2 protein chains.
Amino acid sequence: MARLPVYLRSLLELAESPRAATISSERLAELAGVNAAKVRKDLSYLGSYGTRGVGYDVEYLLFEMSRELGLTQDWPVVIVGVGNLGQALANYRGFSDRGFPVGALVDADPAKVGERVGDLVIESIDDLPSVVARLGTTIGLIATPAVVAQEVADDLVAAGVRSILNFAPAVVTVPPDVSLRKVDLAVELQILSFYQRRRTAGLAAMVEASAASDGNGSSAGSSAGSSGAPAVPAEASE
Amino acid sequence: MARLPVYLRSLLELAESPRAATISSERLAELAGVNAAKVRKDLSYLGSYGTRGVGYDVEYLLFEMSRELGLTQDWPVVIVGVGNLGQALANYRGFSDRGFPVGALVDADPAKVGERVGDLVIESIDDLPSVVARLGTTIGLIATPAVVAQEVADDLVAAGVRSILNFAPAVVTVPPDVSLRKVDLAVELQILSFYQRRRTAGLAAMVEASAASDGNGSSAGSSAGSSGAPAVPAEASE
DNA sequence: ATTTGTGAATGGGTTCACAGCA
DNA sequence: TGCTGTGAACCCATTCACAAAT
């Protein structure tokens with residue numbers, strides 16, 4: 001489940017000021033910004049049992065979730081493409097802080113190979129197999145231009161990487177035994193821009209629509225946004 | 001629809017080498033890595049009509065989509081929090097390249113106010129209202145520590161910002177008329193780590209499971225990953 | 001009395017399949 | 001014949017509601 005990290009973060013925040021040793025699904029749902037039933041389903045599906053009438057043991061939940069998420073060890077990441085975004089990611093503390101230290105930087109440009117970025121020296125993409133082998137099980141970040149994203153993904157897979165996070169604005173295909181996730185910053189902005197335009201330019205259309213249907217123009221317009229249900233937390237992460 | 005940007009990018013790539021003036025839903029689906037029926041549904045829902053037996057007019061689709069996504073104008077963004085991530089985002093070319101120029105940088109730390117980052121001078125978060133007014137309709141990026149994310153979101157909303165992209169690892173709530181999206185890099189990595197752990201440590205459990213059910217252990221394990229259906233493009237963006 | 005665990009109902013998005021049109 | 005547009009079937013996640021457990 002993709003919500004596990006959110007639960008974990010919520011629990012960690014809670015654990016900083018150790019109030020109670022136990023937490024109800026309702027409280028955790030509130031913290032994570034989701035439905036209480038969903039929390040219970042997720043946790044039961046995960047196998048972690050709570051105690052009826054009491055709740056879940058915070059300590060045990062934390063342990064169980066960390067184990068499930070594989071956070072008992074560090075997962076080094078290798079960043080491919082040390083351009084603008086790649087350097088930014090390399091300097092981003094959020095990764096190492098959460099157990100994903102940047103273990104290597106790789107680029108195809110010979111001019112960049114050998115350059116220092118922070119503590120690391122940029123290596124050649126040709127050495128990817130040995131880099132991956134050196135780091136052990138690795139997550140690969142693609143921070144290259146879109147045109148070479150697929151090629152880089154293939155290289156990563158060939159080098160033994162089984163988890164890829166793609167920042168390049170391109171459709172990338174990988175074998176079924178490789179996990180792939182994407183982060184596209186511009187797409188996020190375009191989606192926001194889409195809803196923003198809906199709210200502004202679409203006013204006439206909305207009035208028209210609300211007159212026809214069960215008419216509550218403004219709230220319909222707002223709930224079309226990505227902010228989730230009104231008055232309900234709409235965001236989370238770890 | 002959140003897939004519009006992906007279609008748009010696919011069309012733009014296609015339009016660079018102007019082959020045909022028309023495109024079928026099937027071809028576009030292939031480029032975008034989705035189902036053909038989905039493309040047709042999306043496009044019809046959007047109101048852009050194709051021609052049966054022929055396909056969609058590329059030029060017209062491009063125009064219509066850009067308009068729908070509000071990309072006929074630039075949307076300046078204001079970055080709140082000029083720490084590690086904030087600076088990285090400020091230097092990232094991908095934003096301005098796609099019509100989202102970074103119009104202002106804002107921070108709460110008085111020591112940072114006045115500092116230059118690229119072409120911009122960091123402004124005080126207290127001036128947010130005037131900054132937003134100066135830029136016009138604006139998208140806000142939250143790149144602060146998690147603890148102040150909600151506070152910053154409130155400030156942005158109060159200043160008139162109606163679209164927020166949150167990079168802080170925190171649950172943030174906004175009024176229903178404000179759009180909110182999140183990007184959490186660490187969560188993405190944790191999800192990958194989760195599936196990776198599934199594949200490795202879960203081998204014993206998988207063998208057990210495959211013996212019990214309709215048993216194809218390995219492919220079940222792989223499809224549990226986030227890479228979508230086997231042999232099908234699993235990623236996209238703009 | 002409180003809170004979990006879960007079958008059943010709900011809802012929304014995806015896919016299928018084919019009628020309709022060029 | 002080719003491809004769009006779309007009702008219907010399907011699938012899966014979410015939510016409801018309540019029995020079971022402490």
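The structure displayed is predicted, hence computed values, not measured ones. Just so it is clear: chains get the letters A, B, ... in the order the sequence lines come, proteins before strands, and each one is counted from 1. For the numbers below, each heavy atom of this structure counts, side chains included, while hydrogens, waters and symmetry mates do not.
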- Task: State, to 0.1 Å, how close A:Glu68 and B:Arg198 come at their nearest heavy-atom pair, and which atoms those are.
- Result: OE2-NH2, 3.5 Å
- Query: Which atoms form the tightest heavy-atom contact between A:Asp74 and A:Pro76, and what is the distance?
  - Reply: O-CD, 3.5 Å
- How close do A:Met65 and A:Leu43 get, heavy atom to heavy atom, and via which atoms? CE-CD2, 3.5 Å
- Task: Give the rounded distance in Å between these two atoms: CG of B:Leu43 and P of D:dT4.
- Result: 9 Å
- Note on the structure: 5'-most to 3'-most nt of DNA chain C touching chain A (<4.0 Å, heavy-atom partner on protein side) reads C:dT2 to C:dA8
- Message: Does any part of the side chain of A:Ile164, heavy atoms only, come nearer than 4.5 Å to the side chain of A:Val172, both counted from C-beta?
- Response: no
- Message: Within a 6.0 Å radius of atom CD on B:Gln73, are there more than 12 heavy atoms belonging to other residues, nucleotides or ligands?
- Response: yes
Contacts under 3.5 Å, N or O only, protein and nucleotides 19-22 of chain D:
| unit_1 | atom_1 | unit_2 | atom_2 | d |
| --- | --- | --- | --- | --- |
| D:dA20 | N3 | A:Arg52 | NH1 | 2.8 |

- Message: To check you understand the geometry: which heavy-atom pair defines the closest contact between B:Val178 and B:Ser163, and what is its length?
- Response: CG1-N, 4.4 Å
- Task: Please report the shortest heavy-atom distance between A:Leu62 and A:Leu11, naming the atom on each side.
- Result: CD2-CB, 3.6 Å
- Matching residue for A:Arg162 among A:Thr138, A:Asp177, A:Thr137 - test: side-chain hydrogen bond (donor to acceptor under 3.5 Å, both in side chains): A:Asp177
- Query: Base, backbone or nothing for each nucleotide of nucleotides 11-16 of chain D, written B, S, -, heavy atoms under 4.0 angstrom, 5' to 3'?
  - Reply: ---SBB
- Note on the structure: Shortest non-hydrogen pair, A:Thr144 vs A:Ala168, comes out as O-CB, 3.4 Å
- Just how far is it from atom CG of A:Asp57 to atom CD of A:Glu64, taken to the nearest 0.5 Å? 11.0 Å
